[in-house]
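Before any comments, here is the structure.
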Amino acid sequence: MHEQLGACTTPFGVGSASLISLEMALTSGSSFEPCPLCVMPDIFAIRRIALRKGLILIELRHLKYFLMVSKELHFTKAAEKLGISQPTLSHQIKLLEQELGAPLFNRIGKKIELTKVGEIVQAEALNIQGSIQNISSQIEAFTKVKIGELKVAVLPGEMTDLISTLCIQFNQLYPDIKVFVQSTDQVEKAVLENQADFGIGFHSSQNGLMQVIKLYNEEFYLISNRKHGSESISFSALLDKPLVLFPRIHQCRKILDKTSDGMGKQIEPIVETSSIESILNLVRSGIGCSIVSRTLFDFYDTEDLFFQRIENPYLNRNVYLTMKKNAFVNFATRSFIKLFVREIEKLKFNIGKDSIAALNNLL
């Protein structure tokens with residue numbers, strides 16, 4: 001079968017005088033038996049359905065051959081430009097004419113000219129050729145060109161601050177890409193419902209539709225404007241200090257509240273604010289201490305501040321990248337994730353080998 005048909009190619013149907021994509025025409029629930037040698041549908045089954053619907057099958061390569069002949073009006077010259085023999089080209093054009101049921105060229109000696117049917121087919125074939133080129137151009141723009149938009153879903157709190165700050169660098173690199181950062185407690189839902197191209201969160205999804213990559217593990221610090229003798233402090237001891245913290249909605253605060261509740265105690269900060277800059281300035285002024293993730297402490301200008309690791313219990317968390325499985329990764333998404341990973345590496349977080357391999361496959 002394949003020796004007669006050649007490689008399976010995308011068919012187009014002809015209804016009346018216009019060319020129509022067969023795939024679009026066959027949306028009535030018709031099913032195809034797969035070709036035993038490839039994943040394309042059985043061409044004979046397609047032909048039977050097309051005949052029932054009054055359609056005629058045309059292969060893209062036949063349109064390509066026809067357009068070259070109609071341009072050159074000379075079979076030998078057209079065959080040379082196509083890189084095939086003249087007899088092969090003549091045979092393919094005859095197959096196309098048989099399929100259409102009408103001649104496409106008037107052959108006058110060595111000269112040829114388009115028939116009226118040929119002129120109709122030429123006009124429609126040029127439209128199809130233009131559509132295919134337009135599809136290719138749009139896909140290239142979507143995957144390679146620095147335009148479009150990017151939607152990122154992140155948990156409320158410090159991760160939103162981090163991603164939003166990275167947007168400044170991203171905009172400098174790609175000013176024609178619009179970035180939308182969605183702060184939400186439901187990162188996975190936002191990704192699944194296509195409200196976000198990817199998400200950054202602290203939980204590993206169990207949903208089989210999701211692809212989750214662990215980026216790194218980070219610990220929490222108690223920060224202050226004075227150096228302490230010890231490099232660490234127990235969680236119970238820091239509860240006695242004046243604290244400047246994020247509000248309860250922030251993920252960092254949720255970890256602190258959960259830990260303190262487990263110890264039968266309650267955190268009572270003297271100041272609550274959603275602004276990391278405000279927290280750092282209040283700590284600098286000596287108003288109080290704060291508890292922040294290592295990511296925030298290293299990412300912002302904190303050279304004048306001091307930190308202590310928190311123990312008993314040791315406070316840490318994993319940071320995950322979340323995407324839909326087998327989702328197409330466009331240029332904007334790839335570029336932003338690469339920028340994010342570079343920032344992680346600058347902060348000297350340890351990204352595991354499995355995570356690096358998964359990111360390489362993704363990007």
Side-chain angles (χ1 to χ4, degrees), residues 140-184 187-188 190-191 196-205 210-221 223 250-252 276-277 280 292-303 305 307 316-363:
E140 183 177 8
F142 188 63
T143 57
K144 298 178 182 179
V145 181
K146 304 168 185 179
I147 59 174
E149 65 179 32
L150 172 68
K151 295 175 288 184
V152 187
V154 292
L155 289 167
E158 56 270 38
M159 196 53 66
T160 298
D161 293 333
L162 175 60
I163 295 298
S164 299
T165 302
L166 283 177
C167 287
I168 300 173
Q169 295 182 45
F170 190 80
N171 179 259
Q172 292 171 347
L173 293 169
Y174 311 109
D176 294 324
I177 297 178
K178 297 179 181 179
V179 182
F180 302 91
V181 179
Q182 180 183 357
S183 183
T184 174
V187 170
E188 180 180 310
V191 175
D197 297 299
F198 70 93
I200 302 291
F202 307 126
H203 305 288
S204 180
S205 173
M210 303 299 292
Q211 178 180 8
V212 180
I213 301 174
K214 177 185 172 182
L215 295 175
Y216 60 95
N217 178 274
E218 66 174 354
E219 57 187 339
F220 289 89
Y221 295 155
I223 62 172
H250 282 228
Q251 298 304 310
C252 173
I276 180 60
E277 288 88 354
L280 296 177
V292 299
S293 65
R294 181 192 156 187
T295 300
L296 285 184
F297 186 79
D298 289 349
F299 192 75
Y300 286 88
D301 182 14
T302 55
E303 292 182 357
L305 298 178
F307 73 89
N316 70 324
R317 67 184 173 194
N318 293 325
V319 178
Y320 297 94
L321 170 71
T322 305
M323 296 186 70
K324 289 175 74 173
K325 271 188 180 176
N326 303 317
F328 177 76
V329 184
N330 62 28
F331 176 87
T333 300
R334 290 199 311 272
S335 301
F336 196 95
I337 292 175
K338 287 179 180 178
L339 177 63
F340 183 48
V341 171
R342 282 199 300 270
E343 289 301 317
I344 294 172
E345 291 172 338
K346 284 181 184 178
L347 298 176
K348 298 181 180 180
F349 281 105
N350 182 29
I351 304 178
K353 291 182 179 180
D354 291 343
S355 298
I356 292 174
L359 286 169
N360 287 334
N361 289 333
L362 180 67
L363 303 177

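Here the structure is a predicted model, which is why all the values come from computation and not from measurement.
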Worksheet, complete the sentence: Interatomic distance, OG1@T295 vs CD@E219, rounded to 0.5 Å, equals 10.0 Å

Practice prompt. Would you give the length of the straight line joining atom CZ of R294 to atom CZ of R317, rounded to the nearest 0.5 angstrom?
Written response: 13.0 Å

Worksheet item: Counting N and O atoms only, with roles assigned by atom type, does the side chain of S355 sit under 3.5 Å from a partner on the main chain of K214, one being a donor and the other an acceptor?
Response: yes

Discussion item. Between the side chains of E343 and K346, is the shortest nitrogen-to-carboxylate-oxygen separation below 4.0 Å, so that they form an ion pair?
Written reply: yes

Discussion item. For the CG atom on D354, are there more than 12 heavy atoms of other groups (residues, nucleotides or ligands in this structure) within a distance under 6.0 Å?
Written reply: no

Worksheet item: What are the two closest non-hydrogen atoms of D197 and M323, and how far apart are they?
Response: O-CE, 3.7 Å

Practice prompt. Report yes if some heavy atom in the side chain of V154 is under 4.5 Å from a heavy atom in the side chain of V181; otherwise report no.
Written response: yes

Worksheet entry | F340 side chain reached by I200 side chain, heavy atoms, under 4.5 Å | yes

Practice prompt. First locate atom OH of Y320, then atom CD of Q211, and finally report the distance between them rounded to the nearest 0.5 Å.
Written response: 14.5 Å

Worksheet, complete the sentence: Nearest heavy-atom contact between E345 and I351 is CG-CD1, 4.2 Å

Worksheet item: Which of parallel (below 30°), tilted (30 to 60°) and perpendicular (above 60°) describes Y174 and F331?
Response: perpendicular

Practice prompt. State the CG-SG distance between L150 and C167, to the nearest 0.5 angstrom.
Written response: 7.5 Å

Practice prompt. Might you point out which heavy atoms bring G201 and L155 nearest each other, and give the distance in Å?
Written response: CA-CD1, 3.8 Å

Worksheet item: Does the side chain of Y300 pick up a donor-acceptor pair with the side chain of T165 at under 3.5 Å?
Response: yes

Fill in: Note, I276 side chain near L162 side chain (heavy atom, < 4.5 Å)
no

Item to complete: Determine whether F299 and V292 make a side-chain contact, defined as any pair of heavy atoms from C-beta on separated by less than 4.5 Å.
Response: no

Discussion item. Go through it in stages, so that I can follow the logic: the residues are F202 and V319, the test is side-chain contact (heavy atoms from CB on, under 4.5 Å), and I'd like the CA-CA distance, side-chain angles, deciding distance and then a yes or no.
Written reply: CA-CA 5 Å; F202 307 126; V319 178; 3.8 Å; yes

Worksheet item: Considering only heavy atoms from C-beta outward, does the side chain of V329 approach that of F198 to under 4.5 Å?
Response: no

Worksheet item: So, do L215 and L359 sit near enough that their side-chain heavy atoms are less than 4.5 Å apart?
Response: yes

Response to the item:
Rounded to the nearest 0.5 angstrom, the CZ-CD distance for F220 and E218 is 5.5 Å

Worksheet entry | Any donor-acceptor N/O pair, T322 side chain to E188 backbone, under 3.5 Å | no

Worksheet entry | Nearest-0.5 Å distance that lies between atom OG in S335 and atom CZ in F170 | 5.5 Å

